[in-house]
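The structure appears below as structure tokens.
Just so it is clear: chains get the letters A, B, ... in the order the sequence lines come, proteins before strands, and each one is counted from 1.
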Number of protein chains: 2
Amino acid sequence: MSEAKHNRANADGAEPGRDMQHIVTSADVAREAGVSRSTVSRCLSGDRRISDATRKRVQETANRLGYHVNKIARSMNTRKSDLIGLVTSGLSDPFRVEFLDKLILAIQQSGYRPLVIDVSDPAQMGTSMMHLLQYQVAGVVVTSGSPPPEVGVHFLKRNVPVVLVNRAGRLEGADVINCDNVRGGEMAADLLLETGKTRFGFLNVKGGTFSGNVRGETFVSRLAPRLANGDISFTPLVCDSADYDGGFNAALKFLATPETAPNAIFCAKDHIALGLLDAARFELGLRIPEDIAVVGFDDIAAARQGAYQLTTVCQSATKLAEMTVDRLRQRIRGDALTDQRLILPVEMTRRRTA
Amino acid sequence: MSEAKHNRANADGAEPGRDMQHIVTSADVAREAGVSRSTVSRCLSGDRRISDATRKRVQETANRLGYHVNKIARSMNTRKSDLIGLVTSGLSDPFRVEFLDKLILAIQQSGYRPLVIDVSDPAQMGTSMMHLLQYQVAGVVVTSGSPPPEVGVHFLKRNVPVVLVNRAGRLEGADVINCDNVRGGEMAADLLLETGKTRFGFLNVKGGTFSGNVRGETFVSRLAPRLANGDISFTPLVCDSADYDGGFNAALKFLATPETAPNAIFCAKDHIALGLLDAARFELGLRIPEDIAVVGFDDIAAARQGAYQLTTVCQSATKLAEMTVDRLRQRIRGDALTDQRLILPVEMTRRRTA
DNA sequence: TCGTTGAATGCACACGTGTGCATTACCATT
DNA sequence: AATGGTAATGCACACGTGTGCATTCAACGA
């Protein structure tokens, strides 16, 4: 008997429970309750074969000793943890934060725990996702970036489901959930056409994102007939970053001469729209929506605030989170066999900017 | 040999690496490289005793087979994972989100992984924190709520460090990190006194929070001499929720009659201040800062935006996160012996609302 | 009374890793 | 040549749990 590595006192069996450093295991409960360790395990997992008498006794002893399952050890045996990996990049994008908020809640209520992985560098996406496998995660949700195709097979091989949310989905074995970017782009076009404005613009981040590109493309498609007529004009607008500052600086750059600048602008996302609004109003002295009509996308909390009252396409973070977790659970349970592509409906929320 | 539980093909040893479901373990690498499993383990952990030749050979085989350490198994053995528990409640508070953003980054850069626990119900705080112990976490950061004293001993017993950030700290064995609420309250008072306004107010959420109470108390203390003179007046203001809506509704309630209402208001946090500002400007038609001067606390991103330009006490989320992780690492390493209480300096950031 | 059945429980293995100690091999010193 | 020392590696145990199979025991029908 080595007993050297972990210095437990009372190795000879005299009152082992009194050891300060000792952590209660199922073996302790078993000894104390006068049953085998298997019985303890079965009692706590609700196995029907255990008699009510012993079940009760075991549960009482477990409570008395303050026993808690060691989930690491359990995962070691079952080869599956109750962790769900969340791949994201920072918490600066307001809509993603709202989504993560609901997602974390939904994950917890399903009995899982979120393990967050932050990938700021897209090139590290692959290795970061592989890191998740080291923790035997039960599933993964990707909310940022696009995982390289080769990681898909590793998750497939281990039956670890992957859900891509609002991403370009080329990943084999993964489900894809998107809000209805197509319908959103169309609704934005329809509403801006109603305003009677004639110089249209779509503001997106340089290089574009998957969601943003789809929104922009369908926006333009919807304008196409009127563009062909020559009734209206369209200008693509590009900003350096997909956030408030990006929108702010873009406004300074593109709206400096209001007579010719676009006056009906669809922004790829609300956060950009907020910056645009502030620069237009407070730096350039433009009136909203008289001088410029603005439509955003997402319906983040700030869009509802008095200072902005942004007209925007609303996608529900709550529903998106529920869909995500539902799908994850289906796959974990083994129900879902084929990859699926789900679409969350969107709505137009009309406020004061268009 | 049972071989029934986990259905591995090729149990007889013929080309075991070709099994589809098989996951590469250190034993595979050992066999392939012609060494013992111990040697593999030592190579990958950088043990000096291994000769350069075998180290190189082992690392090459590991890469070739695509071996990744099973961290669950490692944790099982070492009784410590590289997970750090983050106790929070939702992602609706902007400053907490900014802090978590930086914190997650800092945690990852130190080689750890954040495991998020969301406690919406304060009564569940205790059990939720106990859940963290099931994952053998290396440490815990509490950013919301106040853990009940009895959980402290469990973490102490297992040498799992706990850091409370911007919380009331009564927890034995835990470090406490706060921003300088005292100095912040004083600075807010000084600045608002400078404006020449005479009717002072402090807006906090009903019931108060630890940080908010300290800010309010020192604010009033600083006003005390002038209050005693009768130069100025002070009214405590209370809102229902510690967010935008709370501030908004409070403004409607308390600022309806501008002649007698407070005109120099210190808000316990920026998020509340934003709501107050919008209601005051857009609902009540008040001018800022001519009619009402407002000072916030935190310096969240929105405070910098053109629509608000909030004058506020700035605490750096980045520095707060760095301090937190530094302290965690010290304790994990075993350097830090006694509980510590750290204070992050704050600064006044003057913008347009006071 | 004996064999059969079914419920309740224990035994023993497996999960994949880190590490103390023993062992081997090789070289320098006496 | 014998001895001592050191560098490199293997053996074997432990971590705490879930679960297939064997075992026990009581009840019951023939």
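- Sorted by first and then second residue, the salt bridge (charged side-chain N to carboxylate O under 4.0 Å, His left out) pairs involving residues 80-90 of chain B (not counting sequence neighbours) are B:K71-B:D82.
- Using a 4.0 Å heavy-atom cutoff across all strands shown, A:S41 reaches at least one base atom of the nucleic acid.
- Taken over five-pair windows at either terminus, the axes of the helix from C:dT1-D:dA30 to C:dT30-D:dA1 are inclined to one another by 60° (rounded to 10 degrees).
- Annotation: salt bridge (Lys or Arg N to Asp or Glu O under 4.0 Å) contacts of B:E98 (sequence neighbours excluded): none.
- Residues meeting the salt bridge (Lys or Arg N to Asp or Glu O under 4.0 Å) test with A:R341, sequence neighbours left out: none.
- Shown here are the side chain to side chain donor-acceptor pair (under 3.5 Å) partners of B:R327, two or more places apart in sequence or in another chain: B:D175, B:Q330, B:Q340.
- Pairs of residues two or more places apart, or lying in two chains, never qualify as side chain to side chain donor-acceptor pair (under 3.5 Å) while including a residue from residues 120-133 of chain B.
- If you check distances only, the side chain of B:S38 does reach the base of C:dT19 with a donor-acceptor pair under 3.5 Å.
- Distance, B:Y135 OH to D:dT17 P: 14 Å, rounded to whole Å.
- Residues passing the side chain to side chain contact (heavy atoms under 4.5 Å, CB included) test with A:A174, sequence neighbours excluded: A:V162, A:L164, A:L171.
- In this structure B:S51 satisfies the side chain to side chain donor-acceptor pair (under 3.5 Å) test together with B:T54, sequence neighbours excluded.
- Side chains of A:S38 and A:S41: a donor-acceptor N/O pair is absent below 3.5 angstrom, by distance only.
- Scanning for side chain to side chain donor-acceptor pair (under 3.5 Å) contacts around B:R333 gives B:D335, with sequence neighbours left out.
- Nucleotide C:dG16 holds its P atom 14 Å from the CG atom of B:N77, rounded to whole Å.
- The side chain of B:R79 places an N or O atom within less than 4.0 Å of a non-bridging phosphate oxygen (OP1 or OP2) of D:dG16.
- The side chain of B:T39 places an N or O atom within less than 4.0 Å of a non-bridging phosphate oxygen (OP1 or OP2) of D:dG10.
- The phosphate of C:dT17 has OP1 or OP2 within less than 4.0 Å of a side-chain N or O from B:S26.
- Heavy-atom distances under 4.0 Å link DNA chain C to A:R49, A:I50, A:S51, A:T54 of residues 44-66 of chain A, given in residue order.
- The side chain to side chain donor-acceptor pair (under 3.5 Å) search around B:S110 returns B:R329, not counting sequence neighbours.
- To the nearest angstrom, P of C:dA14 lies 21 Å from NZ of A:K80.
- Along DNA chain D, the nucleotide nearest B:M76 and the nucleotide nearest B:R37 are compared for position; the residue whose nucleotide lies closer to the 5' end is B:R37.
- No hydrogens or angles considered: a donor-acceptor pair under 3.5 Å links the side chains of B:S144 and B:S89.
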Could you write out each protein N or O paired with an N or O of nucleotides 24-27 of chain C at a distance under 3.5 Å?
none

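- A donor-acceptor contact under 3.5 angstrom links the side-chain atoms of A:R42 to the base of D:dG20.
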